[in-house]
Amino acid sequence: LVILLVFPWLFPVLILIIKITSKGPVFFKQWRTGEDGSEFLCYKFRTMKVNALSDELQATQNDKRLTSLGPFLRKTNIDELPQFFNVLLGQMSLVGPRPERQFYIDQIVAIEPQYMHLTRVRPGITSWGQVKYGYAENVDQMLQRMKFDLIYMKNRTLALDIKIMFYTVIIVFKAQGK
């Protein structure tokens with residue numbers, strides 16, 4: 001709520017810029033698996049062109065499907081701001097393992113069943129895996145990021161959550177997102 005109250009001016013500005021620079025909806029929404037396997041619509045600012053197979057193919061770092069504003073939104077993680085509404089709706093937390101699509105969870109669990117431990121808690125806007133590993137473009141990278149999130153699950157404390165949020169702010173201000 002604090003983020004949404006501190007940056008209310010940012011949403012209309014971004015909405016306008018996204019509308020001017022690319023055709024299609026401002027928001028991208030995608031079904032993700034949350035706590036205890038419940039599905040929810042995860043919201044982001046749209047960074048890809050419409051009809052760009054966004055629901056079928058995982059985004060890559062230099063993806064040709066990105067809009068002109070897309071790389072900036074991703075590098076600064078500004079595309080994630082609408083997820084604060086998911087937090088207000090109780091579907092996500094500030095810190096927790098990143099939510100994935102069920103399609104990828106099924107593939108990950110076939111290789112590494114302990115991934116299911118990550119679905120016991122609300123997914124987060126940021127995570128230890130995001131901070132230490134970053135964005136995962138494929139199942140192999142998701143498995144690598146999972147190792148950090150399992151460490152987080154074993155060591156969850158308010159102090160660790162604050163540390164993760166601190167690192168996340170640094171990543172955002174240095175535009176080190178993917």
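- Here the OG1 atom belonging to Thr47 is positioned 13.0 Å from the NZ atom belonging to Lys75, to the nearest 0.5 angstrom.
- In the hydrophobic clustering of ILVMFWY residues, with side-chain heavy atoms under 4.5 Å counting as a link, Leu160 and Val95 come out together.
- You'll find the side chain of Tyr133 stays beyond 4.5 Å of the side chain of Trp128, heavy atoms only.
- Closest heavy-atom contact between Pro25 and Val50: CD-CG2, 3.8 Å.
- Side chain of Thr33 to backbone of Arg101: no donor-acceptor contact under 3.5 angstrom is found.
- Of the possible polar contacts, none joining the Asp36 side chain to the Ser38 backbone as a donor-acceptor pair under 3.5 Å is found.
- Put simply, Tyr167 and Val169 are part of two different groups of oily side chains (I, L, V, M, F, W, Y) that touch within less than 4.5 Å, one to the next.
- Rounding to the nearest 0.5 Å gives a distance of 8.5 Å between SG of Cys42 and CZ of Phe28.
- Cluster annotation: Leu16 is not connected to Val26 through the hydrophobic network of ILVMFWY side chains, with a link wherever side-chain heavy atoms come within less than 4.5 Å.
- Contacts of Glu80 classified as salt bridge (charged side-chain N to carboxylate O under 4.0 Å, His left out), with partners at least two apart in sequence or in another chain: Lys44, Arg98.
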Working for side-chain contact (heavy atoms from CB on, under 4.5 Å), residues Ile18 and Leu73: CA-CA 10 Å; Ile18 291 169; Leu73 292 176; 4.2 Å; yes
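- Looking only at atom types and distance, the side chain of Tyr43 has no donor-acceptor partner in the side chain of Asp79 under 3.5 Å away.
- Using modelled atom types, one side-chain atom of Ser127 and one backbone atom of Gln130 make a donor-acceptor pair closer than 3.5 Å.
- Using a 4.0 Å cut-off between charged side-chain N and carboxylate O, Glu137 and Arg145 make no salt bridge.
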Yes or no on side-chain contact (heavy atoms from CB on, under 4.5 Å) for Thr119 and Glu35, after CA distance, side-chain angles and deciding distance? CA-CA 5 Å; Thr119 64; Glu35 185 176 19; over 6 Å; no
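- Note: Glu100 CD to Asp106 CG = 12.0 Å, rounded to the nearest 0.5 Å.
- Of the possible donor and acceptor atoms, none in the side chain of Asn86 sits under 3.5 Å from a partner among the backbone N and O of Met92.
- Rounding to the nearest 0.5 Å gives a distance of 11.5 Å between CD of Gln114 and CG of Asp149.
- Note: the hydrophobic cluster containing Leu81 does not contain Leu89 (ILVMFWY, side chain heavy atoms under 4.5 Å, direct or indirect links).
- Thr67 and Arg46 share no donor-acceptor pair across their side chains, judged by distance under 3.5 Å alone.
- Of the listed residues (Gln30, Arg122, Arg32), just one forms a side-chain contact (heavy atoms from CB on, under 4.5 Å) with Pro99, and that residue is Arg32.
- Using a 4.5 Å cut-off between side-chain heavy atoms of Ile, Leu, Val, Met, Phe, Trp and Tyr, with links allowed through other members, Ile78 and Trp9 fall into the same hydrophobic cluster.
- Between Phe85 and Gln91 there is no side-chain heavy-atom pair separated by less than 4.5 Å.
- In this structure, Leu118 and Tyr152 have side chains that are not in contact, with every pair of non-hydrogen atoms separated by 4.5 Å or more.
- The CG atom of Leu14 lies 4.0 Å from the CG atom of Leu10; values are rounded to the nearest 0.5 Å.
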Would Val121 and Arg156 count as a side-chain contact (heavy atoms from CB on, under 4.5 Å) if you check the C-alpha gap in whole Å, the side-chain angles of each, and the deciding distance to 0.1 Å? CA-CA 11 Å; Val121 297; Arg156 280 177 43 190; 2.6 Å; yes
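- In this structure, CD1 in Ile15 is found 7.5 Å from CZ in Phe11, a value given to the nearest 0.5 Å.
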Before you tell me yes or no, could you show the steps for Phe84 and Leu94 under side-chain contact (heavy atoms from CB on, under 4.5 Å), namely the whole-Å CA-CA distance, both residues' side-chain angles and the distance that decides it to 0.1 Å? CA-CA 8 Å; Phe84 283 98; Leu94 291 177; 3.4 Å; yes
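- In terms of heavy-atom proximity, Phe148 sits nearest to Gln144 at CD1-O, 3.7 Å.
- When the shell of 6.0 Å around CZ of Phe27 is examined, it contains more than 12 heavy atoms from other residues, nucleotides or ligands.
- Of all non-hydrogen atoms in Lys64 and Lys49, the two that sit nearest each other are O-NZ, 3.6 Å.
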